[in-house]
Amino acid sequence: MRNFTIHPKFSGNSFSTFLPSSSNFYHSIYSSTTTRTNTLAMAKNVAQSPMEKRSLTSFDQQLAKRCSHEGVKAGAKAAVVASIATAIPTFASVRMLPWAKANLNPTAQALIISTAAGMAYFIVADKTILATARKNSFPQGSNYEA
């Protein structure tokens, strides 16, 4: 069992901090950190397998990033359009219809608009990412119909 002492800086406070009295505690923290760093350095020095192709992996990652970026852009555009297309009838109905005026407070109106925007974003982004991935999965110049 370790011996704990009160740090002199905090000895008068009710927020006393207990620190181990031995220097082995700090040495063990330092040695575990350096061991972890050395292990990571050794992992980088491992020879690459002949089956691994760095250029192909890098190309695939770039392609996936581009596909997802196109999906995000298309989804954001769809969300803006859906927000406007939902906001106009929602606000108009709250002003004109007695039932909507009585039952749709501002929180409900915001929920209706944001739900439509969120659905449009995820649907369009998903379809765009899948269409881009499908387009890029077939060899260029082939006779496949997508």
Approximate separation, where rounding is to 0.5 Å, of Thr90 OG1 and Arg95 CZ: 13.5 Å

Residues which pass side-chain contact (heavy atoms from CB on, under 4.5 Å) with Ala64, listed by chain and number, not counting sequence neighbours: none

Whichever hydrophobic residues join Leu111 through chains of side-chain contacts under 4.5 Å: none

Members besides Ile88 in its Ile/Leu/Val/Met/Phe/Trp/Tyr cluster (side-chain heavy atoms under 4.5 Å): Val80, Ile84

Hydrophobic cluster (4.5 angstrom, side-chain heavy atoms) - remaining members for Leu97: none

Closest heavy-atom pair and its distance - Asn136, Arg66: ND2-NH2, 3.7 Å

Approximate separation, where rounding is to 0.5 Å, of Ser68 OG and Lys73 NZ: 11.0 Å

Nearest heavy atoms of Cys67 and Ala133, plus distance in Å: SG-N, 4.0 Å

Common cluster, Ile112/Val94, ILVMFWY with side-chain heavy-atom separation under 4.5 Å: yes

Per-pair distances, 0.1 Å, donor-acceptor, side chain in residues 124-131, under 3.5 Å, sequence neighbours excluded:
| residue | atom | partner | partner atom | Å |
| --- | --- | --- | --- | --- |
| Thr128 | OG1 | Val124 | O | 2.7 |

With sequence neighbours excluded, residues passing side-chain contact (heavy atoms from CB on, under 4.5 Å) with Phe122: none

Set of residues satisfying side-chain contact (heavy atoms from CB on, under 4.5 Å) with respect to Ala108, sequence neighbours excluded: Leu104, Asn105

Partner set under side-chain contact (heavy atoms from CB on, under 4.5 Å) for Ala117, not counting sequence neighbours: Ala79, Ser83

